[in-house]
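Data first, discussion second: the structure below is written as structure tokens.
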Amino acid sequence: MVGDGHRRAGTPLRAAQDEAGVPPGVWKGRGLAALGLTVGDVVSERQAELLLGEGRHPDADRIERELLAKGKTPAQARRATVLGRPIEHNRSPETDKAKERTPWLAFDLVFRPPPTAHIAWALMDDEHRRVLELCDGIARDKTLAWLEESVAEIRWKAGGKECARVKDGLVVAVFRHYESRAMEPRPLLHSHAVVSVRARRPHDGKWGNLSADLLMTHIVAADTLYTLLFVEEVTARLGWAWEPREVTPGRRPVMEIAGIDWRLIGWQSTRRQQIEDAIPVLTARYKERQGHAPGERAGYALACQAADQTRPPKRTELLSLTELRTRWRDSAIAAFGACTVYRLAERARSAAAAVWARVRPVVDVTLAAVDVVAVVYVMRGAFARHHLLAEARRHLSYVLRGRRHEPGLDERIVQAAVDDYTRPVGRGRRMTADLRALYPRDTEDQAVLRPLTRSRTATQYERARIAADALAARVRAARRAERLGSRPRPYAVAVPAVSRSRLRLFRDGWKDGRVLEPETGVGIDAVERTRQTLEAAAAELAATLHESRRAREAAYGLRPQPAPAAVPPPHIQQPGTQHTPGRTIGGVT
């Protein structure tokens, strides 16, 4: 509640927050109405102690006084203020002998923008700083709303046999911080959303506990949603574009503001450098102890261990945001020069114009579904719906580069992927890629993805990208063949004629098994009639020319000449055509 600084004994909370340079916390969530609170109210110290520390009503003191005045006993008055099960039930003779069970009353969700957004927020003027803070708040609130509307469930009875959506919503206390925990303060705009596990049941209105496991299962999908919404808000308000940056070779890239000097990221993320310096030492110890190099899971565990070992203690010096911004700007100017710091906004606008000139921010639902399934299949093998949802949001961030997406487009991509390119596996809600749908006619080549899952020459994400690009190329080739009305070439693979998805992107022409890109604006029947008419006219013209040539030969005794080639040789380019190498970014809306 007071940032990463220490609070002196006897100092009021509001005064300590002013000294630490952090704003006071505010309440969020639709569940506040059941507690008599309003969205945007300041979180007081006593309210946090009661709700987040004891699982009681935030206004328990007033409620107790009123019940005691009515003649209730102190135990009865206290029990009336408890939301759900009292934390005293966690203490028993069995737990006292070993380790006392600690009640879980809340969990902390941390929302943080990409690194270049921290740099722009710290080094640009106050106007850009306020806009970036506004974008962060909007993206955070929308992500919390998605969690309470689509994910949050409450469980009751023994073992959580019964579960349902919460009646009101979540109760969240949001605290915004401005700096990292490094010894030398660095800009790190982030918010701590402390979510209370107390919620009301939908059928009787009684208080119980949220299903924390379900929320933690969807935490990656929530993270990708926050990033997608943040980049869209920044682009809509500042006009900046985003481009992928490869942090670790062979791993997923992250989206950064185009035009921001990436050298500033190393200046800003000092904690990352500390962790990277500690990983080789831990890796050498692992090899000596185990006799082999660590795999992907062991490498991730070693990275977490390095982060814990290099975690510095909290600072005792308290600085306001104005003092911090002055220090950050002076440090960046000393390291990279004044031109790099003061021209950040100008270079971001210039880079955005270059990005919009070469990138088409449009989405093809079919190609997006194929891409999502291929990546998740190679990365996981068996997966659940929330894995597809997280990857679909990553796909939208990469393709749109900050432009707004249609509401519900991520769910449409996931639904198309589930209906058309996956099949159930196991007893749970797991699924895997349906290779017969991805390769509908070329049955001998259905195992093309399996070697990619076992190859050790490339990282897992590199193999996933190879598979996704190969499948996307097949879909484009099949569409091109259908659009031109040509026969499929040998070893060509066609897209399934009829989609099983309930969400139809292209409604015209599905009955006769043809896929037409909607950007042409012409129906399938019209194209087929036009093609037949042109073929008939060409045949009639060829017959007329043949009869005319025979007549001239009979009259003048001319020698027959070979017919001209209908198609020019492959090495000759027809006039007016131009080949554009490379991969086209974007697709058909």
Side-chain angles (χ1 to χ4, degrees), residues 1-7 11-29 32 37-45 47-48 51-52 58 106-148 170-182 185-196 219 222-223 225-227 229-234 237-238 268-269 271 314-315 317-328:
M1 298 179 71
V2 294
D4 285 335
H6 289 280
R7 176 185 175 188
T11 305
L13 175 63
R14 193 67 187 90
Q17 290 172 338
D18 291 337
E19 292 178 0
V22 296
V26 294
W27 291 109
K28 297 287 184 179
L32 295 174
L37 301 175
T38 307
V39 175
D41 289 348
V42 176
V43 180
S44 66
E45 184 175 7
Q47 288 175 341
L51 179 61
L52 306 177
F107 49 92
D108 182 17
L109 303 180
V110 182
F111 296 85
R112 50 179 295 179
T116 48
H118 304 153
I119 296 169
W121 168 82
L123 301 181
M124 290 186 183
D125 54 21
D126 288 336
E127 182 179 357
H128 287 88
R129 175 185 64 84
R130 288 191 291 268
V131 171
L132 290 172
E133 290 178 359
L134 176 63
C135 296
D136 169 69
I138 293 175
R140 179 200 61 219
D141 294 345
K142 289 184 177 180
T143 304
L144 290 174
W146 174 76
L147 285 174
E148 65 181 356
L170 301 179
V171 179
V172 188
V174 177
F175 304 93
R176 172 171 283 172
H177 291 175
Y178 295 137
E179 56 181 318
S180 66
R181 194 170 177 166
R186 284 291 183 261
L188 185 64
L189 176 66
H190 62 285
S191 300
H192 293 266
V194 185
V195 182
S196 173
I219 199 66
D223 173 72
L225 175 61
Y226 166 77
T227 302
L229 295 174
F230 178 79
V231 300
E232 290 179 353
E233 293 294 335
V234 171
R237 285 171 168 76
L238 298 176
Q268 179 260 344
S269 57
R271 283 283 294 127
K314 292 185 177 181
R315 296 184 301 104
E317 182 184 14
L318 302 178
L319 299 174
S320 64
L321 179 58
T322 303
E323 295 172 336
L324 288 173
R325 283 170 53 84
T326 303
R327 280 194 179 188
W328 294 333

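V171 is listed as a side-chain neighbour of L32, based on a closest heavy-atom distance under 4.5 Å. Using a 4.5 Å heavy-atom threshold, the side chains of H192 and V110 count as touching. R140 is listed as a side-chain neighbour of R176, based on a closest heavy-atom distance under 4.5 Å. Using a 4.5 Å cut-off on side-chain heavy atoms (C-beta onward), P24 and V43 make no contact. In this structure the side chain of L132 never reaches within 4.5 angstrom of the side chain of P113, judged on heavy atoms. Between V174 and F111, the closest side-chain pair of non-hydrogen atoms is not below 4.5 Å. Contact annotation: the side chain of V172 never approaches that of E148 to less than 4.5 Å [non-hydrogen atoms, C-beta and beyond]. In this structure the side chain of L189 reaches within 4.5 angstrom of the side chain of Y178, judged on heavy atoms.
Between the S44 side chain and the Q47 main chain, a donor and an acceptor come within less than 3.5 Å of each other. Under a 3.5 Å cut-off, the side chain of R237 and the backbone N or O of L134 do not form any donor-acceptor pair. In this structure, the side chain of D125 engages the main chain of H128 through a donor-acceptor pair within 3.5 Å. Under the 3.5 Å distance criterion, the side-chain polar atoms of Q17 are matched with a main-chain donor or acceptor of M1.
Within 6.0 Å of the CZ atom in R325, the count of heavy atoms belonging to other residues, nucleotides or ligands exceeds 12.
The two atoms that bring E133 and W121 nearest to each other are OE2-NE1, 3.0 Å, heavy atoms only. The two atoms that bring V194 and A106 nearest to each other are CG1-CB, 3.8 Å, heavy atoms only. Nearest heavy atoms, T143 versus A222: CG2-O, 3.5 Å.
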> Run the side-chain contact (heavy atoms from CB on, under 4.5 Å) check on H118 and R112 step by step: do they pass?
Replying inline: CA-CA 9 Å; H118 304 153; R112 50 179 295 179; 4.0 Å; yes
>> Using the rule given for side-chain contact (heavy atoms from CB on, under 4.5 Å), can you reason through V2 versus F175, listing the C-alpha separation, both sets of side-chain angles and the distance that settles it, and then say yes or no?
In response: CA-CA 9 Å; V2 294; F175 304 93; over 6 Å; no
> Taking it one step at a time, do L109 and L147 satisfy side-chain contact (heavy atoms from CB on, under 4.5 Å)?
Replying inline: CA-CA 11 Å; L109 303 180; L147 285 174; 3.8 Å; yes
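Between E232 and K142 there is no salt bridge, since no side-chain N of the basic residue sits under 4.0 Å from a carboxylate O of the acidic one. The pair E323-R327 does not meet the salt-bridge criterion, since no charged nitrogen lies less than 4.0 angstrom from a carboxylate oxygen.
We find the OG-CG distance between S196 and L170 to be 9.0 Å, quoted to the nearest 0.5 Å. A distance of 12.0 Å separates CG of L324 from CG of L188, quoted to the nearest 0.5 Å. Here CG of L321 is found 9.0 Å from OG1 of T326. Values are rounded to the nearest 0.5 Å. Going from atom CG of L229 over to atom CH2 of W146 covers 11.0 Å, rounded to the nearest 0.5 Å.
Relative ring orientation between H177 and H190 is described as perpendicular, the plane-to-plane angle rising above 60° on a 0-90° scale split at 30° and 60°.
Considering only residues two or more places apart in sequence or on other chains, F230 meets the ring-ring contact (aromatic ring centres under 6.0 Å, His included) condition with none of them.
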